[in-house]
Amino acid sequence: MRVVILPNAEAVARFGADLVVEQLHTRPDSVLGLATGSTPVALYKRLVQACRTGRVSFSRARTFNLDEYLGLERCHPQSYHQYMRHHLFAHIDIPPEHTALPAGDTEDAFAACEDYERRIRASGGIDLQLLGIGRNGHIGFNEPTSSLGSRTRIKTLTQATIDDNARFYKDDECQPHMAITMGIGTILEARRILLLATGPAKAKAVSRMIEGPLGAFCPASALQLHPDTIVAIDQAAASNLVHGDFYQHVEKEHQQLLGRTGRHSAPLSLPTTKQ
Ligand code: F6R
């Protein structure tokens, strides 16, 4: 796990967006795994800007989102279909048929889960998976005690997650309690994973993910098994780490080594001074 500690949330968004841009430069027909929630909003803003200025094109990319609420029509304002349209898809040059989210409004949700797995496989698999993390350590909607080998399936949300997401719903609006989510096994098959976390509310989950024991009580800890995961966090989200100084030291050495060998690691916008 490469742990990159950045000064603030804006730097995390810049780091993430640069990584996505570099992925698309290297492989314009990349398959991207996408996340929703508050954390990636600033990253998506940067990608929209990069596309508008011609720095990147999504015309050959394909995307698969992590999750969608079960029982919400895709045109519902709180659906992740609408979130993605609003924050990204409507503003970039990706063909709509290249984008996919789990079908939370289908009659046969079980078949929809199997179909989603089949479509991810048929695309050749995810090249870069973007993740956020829940305060309870969830990734996607894989709540604590999810099987570390799980595939796309229906999950019942914990009260903690329902409470965390209540801010998006009006008082009289019905909030879904179930979702379709890629499984942890599905996520771990991505070739590269980029997890972003910002703010003090994520500090405990971040330290459990990076330094805690591997286990289903913190689903994000399964990323310890993945050979190419980058965790980009701000100082606040890093504040509970026991070995924070060491990760900063490793990152500096890593950058110097890459500089000496003339290789580049994306993105190049890491702070060079000690924070
Ligand atoms: C969203 C998702 C979730 C969020 C997590 C953090 O597609 O899969 O795991 O990444 O709940 O959400 P925010 O960023 O709102 O704190």
Side-chain angles (χ1 to χ4, degrees), residues 8-10 12-13 15-17 32-45 63-70 72 74 76 78-89 99-104 113 116 120 126 128-146 150-169 175-188 190 193-206 208-209 216 218-223 229-234 236-237:
N8 51 45
E10 201 42 52
V12 170
F15 181 97
L32 304 175
L34 299 178
T36 59
S38 305
T39 312
V41 169
L43 178 151
Y44 292 147
K45 231 181 230 165
T63 66
F64 287 92
N65 262 77
L66 281 166
D67 39 24
E68 176 58 286
Y69 288 113
L70 189 66
L72 275 197
R74 59 194 64 200
H76 189 286
Q78 299 305 340
S79 75
Y80 287 166
H81 279 79
Q82 289 307 312
Y83 171 104
M84 289 309 300
R85 203 187 62 77
H86 177 74
H87 289 290
L88 189 66
F89 297 154
T99 66
L101 287 93
C113 296
Y116 206 60
I120 294 172
I126 292 171
L128 176 63
Q129 175 68 56
L130 181 64
L131 294 177
I133 183 170
R135 283 193 306 139
N136 63 6
H138 74 211
I139 46 174
F141 275 134
N142 294 286
E143 299 283 38
T145 72
S146 287
S150 51
R151 314 299 310 186
T152 301
R153 69 209 184 293
I154 299 166
K155 280 296 289 180
T156 301
L157 306 183
T158 59
Q159 193 56 47
T161 297
I162 293 167
D163 292 347
D164 280 349
N165 289 347
R167 66 190 192 278
F168 298 115
Y169 291 83
Q175 190 183 344
H177 289 197
M178 293 174 105
I180 296 179
T181 180
M182 277 188 205
I184 298 174
T186 319
I187 292 169
L188 289 178
I193 294 175
L194 170 65
L195 184 142
L196 308 182
T198 57
K202 299 294 173 68
K204 210 164 153 214
V206 163
R208 291 175 70 209
M209 163 178 68
C218 179
S221 68
L223 299 176
T229 287
I230 303 170
V231 175
I233 51 182
D234 66 2

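Both counts, for ligands and for their atoms, begin at 1 and track the order of listing. This chain uses plain numbering: 1 for the first residue, then up along the sequence.
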[Y] and [X] side chains, donor-acceptor separation under 3.5 Å:
X	Y	answer
Thr99	Arg85	no
Glu143	Asn136	yes
Gln82	His76	no
Asn142	Arg153	yes
Asn165	Tyr69	yes

_So, regarding Tyr80 and ligand 1 (criterion: nitrogen or oxygen to nitrogen or oxygen, under 3.5 Å), is there a contact or not?_
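The answer is no, given that Tyr80 and ligand 1 share no N or O pair closer than 3.5 Å.
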*asked:* Does ligand 1 come near enough to Gly134 that some N or O of the ligand is less than 3.5 Å from an N or O of the residue?
replied: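 No; every N/O pair is 3.5 Å or more apart.
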Closest protein heavy atom to [atom], given as residue, atom name and distance to 0.1 Å:
atom	answer
atom 1 (C) of ligand 1	Thr36 OG1, 3.1 Å
atom 5 (C) of ligand 1	His138 NE2, 3.4 Å
atom 6 (C) of ligand 1	Ile133 O, 3.4 Å
atom 2 (C) of ligand 1	Asp67 OD2, 3.4 Å
atom 15 (O) of ligand 1	Ser38 N, 2.8 Å
atom 10 (O) of ligand 1	Gly132 CA, 3.3 Å

Under a 4.0 angstrom heavy-atom cut-off, which atoms of ligand 1 come close to [X]?
X	answer
Gly140	2 (C), 3 (C), 8 (O), 9 (O)
Leu66	8 (O)
Thr39	13 (P), 14 (O), 16 (O)
Lys202	6 (C), 13 (P), 16 (O)
Arg167	15 (O)

*Under-4.0 Å heavy-atom contact with ligand 1, by part of Thr161 that carries it*: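 No part of Thr161 is near ligand 1 at this cut-off.
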*Using a 4.0 Å heavy-atom threshold (strictly under), name the region of Met84 that reaches ligand 1: side chain, backbone, both or neither.*
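Looking at Met84 and ligand 1, no heavy atom falls under 4.0 Å.
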*Going by the angle between their ring planes, with limits at 30° and 60°, are Tyr83 and His87 parallel, tilted or perpendicular?*
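Tyr83 vs His87 ring planes: tilted.
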*What residues form a side-chain hydrogen bond (donor to acceptor under 3.5 Å, both in side chains) with Glu10, not counting sequence neighbours?*
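Counting only residues at least two positions away or on another chain, Glu10 forms a side-chain hydrogen bond (donor to acceptor under 3.5 Å, both in side chains) with Arg46.
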_Assess the residue pair Ser38 and Arg167 against the criterion (side-chain hydrogen bond (donor to acceptor under 3.5 Å, both in side chains)); give the C-alpha distance rounded to whole Å, side-chain angles, the decisive distance to 0.1 Å, and a yes or no._
CA-CA 11 Å; Ser38 305; Arg167 66 190 192 278; 2.6 Å; yes
*Apply side-chain contact (heavy atoms from CB on, under 4.5 Å) to Thr156 and list each qualifying residue two or more places apart in sequence or on a separate chain.*
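Result, side-chain contact (heavy atoms from CB on, under 4.5 Å) vs Thr156: Met178.
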_Treating Gln78 as the side-chain partner and Tyr169 as the backbone partner, does any N or O pair qualify as donor plus acceptor under 3.5 Å?_
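No; zero donor-acceptor contacts below 3.5 Å.
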